Protein chains: 2
Amino acid sequence: MKWDDIQEMPCSVARALSIVGDRWTLLILRDSFMGTKRFDKFQKQIGLSRHRLTDRLNKLVKYEILRKVPYQEKPRRHEYRLTRKGVELYPVLMTLAKWGDNWMAGENGPPIEYFHTACNHQMSMNLSCSECGEVINPKEVIPKVGPGLKAYSESVRSK
Amino acid sequence: MKWDDIQEMPCSVARALSIVGDRWTLLILRDSFMGTKRFDKFQKQIGLSRHRLTDRLNKLVKYEILRKVPYQEKPRRHEYRLTRKGVELYPVLMTLAKWGDNWMAGENGPPIEYFHTACNHQMSMNLSCSECGEVINPKEVIPKVGPGLKAYSESVRSK
DNA sequence: CACTTAAGTTCCATTTTAGGACTCACTAAA
DNA sequence: TTTAGTGAGTCCTAAAATGGAACTTAAGTG
């Protein structure tokens with residue numbers, strides 16, 4: 001199976017990873033969320049080759065996760081900003097960060113801490129139910145076949 | 001920068017990705033959460049080469065995200081089960097899935113839907129604040145230098 | 001004019017990956 | 001008692017992805 005094929009899988013995790021699941025893309029997005037917008041800054045902060053960075057940024061623009069916004073003419077220069085679609089990857093980054101904090105931080109503790117201005121507390125983030133608001137326990141969540149998978153199975157069967 | 005070097009970065013996202021941020025690992029874990037435990041089953045469901053799978057499973061065992069549990073002797077066979085550390089990757093998978101549902105599902109809708117037995121509703125998952133319980137708005141979260149980053153800067157400066 | 005900056009490109013050597021064939025230890029079927 | 005099958009790998013080679021350094025373009029600076 002080639003990497004590009006996983007985009008076809010009837011699985012939202014696979015489809016998301018087909019865009020964001022390579023070596024560097026999530027690190028680029030981490031920097032985007034921290035305010036980085038320009039090519040050289042990404043390159044220095046992340047330390048990947050310029051070649052790769054060009055590639056990844058173009059892919060993110062193609063999939064409308066970042067967009068190029070000109071910030072000067074003569075010479076024409078532009079910066080990369082998160083779109084709505086990009087901003088919605090925030091939970092992915094934050095859950096990764098939390099797991100890293102919990103399991104990979106080492107003796108010095110987490111590198112970054114988070115402060116919630118809405119309630120004035122240092123905090124961490126949990127998953128909660130959109131309906132009842134309670135914190136999620138994985139055992140209380142049951143995955144069921146949804147319309148996308150049903151349609152897929154039918155289309156496979158009819159071949 | 002080599003891939004292995006990102007583990008040294010003072011960033012929890014980078015450290016988490018150094019383990020789960022390659023082409024296949026999160027797909028393996030997705031299957032683990034869906035109940036898959038055996039080599040061949042992973043291989044068939046994901047469609048990666050056996051060679052890669054061996055590699056990835058060993059890495060996950062090494063980092064104590066999965067553990068090998070024997071289920072028969074003669075010949076000795078074992079299955080791969082999530083550890084506590086592994087189970088705590090649940091939010092990462094679910095936030096990826098939600099993003100995929102929202103942005104990559106296509107006209108047929110999401111392949112999987114989720115049902116919360118605690119409240120008896122079909123639901124999706126949000127990030128909420130550990131302190132006040134409110135749903136998180138990224139703009140209301142301020143990252144601050146934590147102890148891990150402070151220790152790191154000091155150790156760099158003293159060189 | 002020589003130097004610098006931002007944002008890429010080009011080239012080449014090295015790494016990683018995909019996919020198929022092969023192995024090993026055992027069990028079940030003919 | 002050969003034959004086939006299964007689970008879990010290992011080995012090999014060609015193809016793809018990557019890292020690093022040097023080069024390019026279009027300005028602006030001293």
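Quick caveat: nothing in here was measured; it's all calculated off a predicted structure. Both backbone and side-chain heavy atoms feed into the values below; hydrogens, waters and symmetry mates do not. Lettering follows sequence order; numbering is per chain, from 1.
At a threshold of 4.0 angstrom between heavy atoms, the contacts of B:F42 with the nucleic acid are absent. If you check every strand for non-hydrogen atoms under 4.0 Å, B:K68 touches sugar and phosphate atoms only.
A 6.0 Å sphere centred on CD of A:E64 holds no more than 12 heavy atoms belonging to other residues, nucleotides or ligands. In this structure, B:E73 places its CD atom where more than 12 heavy-atom neighbours from other residues, nucleotides or ligands lie under 6.0 Å away. Heavy-atom contacts from other residues, nucleotides or ligands closer than 6.0 Å to CE of B:M34 number 12 or fewer.
Below 30°, between 30° and 60°, or above 60°: for B:Y80 and B:H78 the angle between ring planes is above 60°, a perpendicular geometry.
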Please assess B:R84 against B:E88 for the test salt bridge (Lys or Arg N to Asp or Glu O under 4.0 Å), listing each intermediate value before the final yes or no.
CA-CA 6 Å; B:R84 175 88 192 289; B:E88 290 194 15; 3.0 Å; yes
Does the pair A:L48 and B:M1 meet the rule for a side chain to side chain contact (heavy atoms under 4.5 Å, CB included), with working shown?
CA-CA 6 Å; A:L48 83 175; B:M1 164 110 47; 5.9 Å; no
Run the salt bridge (Lys or Arg N to Asp or Glu O under 4.0 Å) test on B:K98 and B:D101 for me, step by step, so that the C-alpha distance in whole Å, both residues' side-chain angles and the decisive distance to 0.1 Å come before the verdict.
CA-CA 5 Å; B:K98 180 174 177 175; B:D101 285 345; over 6 Å; no
For a side chain to side chain contact (heavy atoms under 4.5 Å, CB included) check, start with the C-alpha distance between B:L93 and A:T95, then their side-chain angles and the critical distance, and finish with the verdict.
CA-CA 9 Å; B:L93 271 302; A:T95 50; over 6 Å; no
Show, in sequence, the C-alpha distance, side-chain angles and deciding distance for B:K41 and B:D31, and conclude whether the salt bridge (Lys or Arg N to Asp or Glu O under 4.0 Å) test is met.
CA-CA 9 Å; B:K41 204 126 191 258; B:D31 282 13; over 6 Å; no
Under-3.5 Å N/O pairs linking protein and nucleotides 25-30 of chain D:
none

With the criterion being N/O to N/O and under 3.5 Å, what pairs connect the protein with nucleotides 13-19 of chain D, and how long is each?
| from | atom 1 | to | atom 2 | distance (Å) |
| --- | --- | --- | --- | --- |
| D:dT18 | OP2 | A:R52 | NH1 | 3.1 |
| D:dT18 | OP2 | A:R56 | NH2 | 3.0 |
| D:dG19 | OP1 | B:M1 | O | 3.1 |
| D:dG19 | OP2 | A:W24 | NE1 | 3.3 |

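Atom-to-atom, CD of B:Q43 to P of C:dT17 comes out at 16 Å; the value is rounded to the nearest Å. When the C1' atom of D:dC12 is taken as reference, atom CZ of B:R50 falls 16 Å away, rounded to whole Å. For the pair A:I28 CD1 and C:dA7 C1', the interatomic distance rounds to 14 Å; values are reported in whole Å. Residue B:L27 contributes atom CG, which lies 11 Å from atom P of C:dA18 at whole-angstrom precision. Regarding B:L57, its CG atom lies at a distance of 11 Å from the P atom of D:dT10, rounded to whole Å. Between the CG atom of B:L53 and the C1' atom of D:dG9 there is a distance of 10 Å, rounded to whole Å.
Side-chain atoms of B:K37 do not come within 3.5 Å of backbone N or O of B:V69 as any donor-acceptor pair.
Of the side-chain N and O atoms in B:Y80, none sit less than 4.0 angstrom from OP1 or OP2 of D:dG7.
For the segment residues 32-41 of chain B, no residue has any heavy atom less than 4.0 angstrom from an atom of DNA chain C.
Taking the centre and axis of the six-membered ring of B:F42, the NZ or CZ atom of B:R56 falls outside the cone set by 45° and 6.0 Å.
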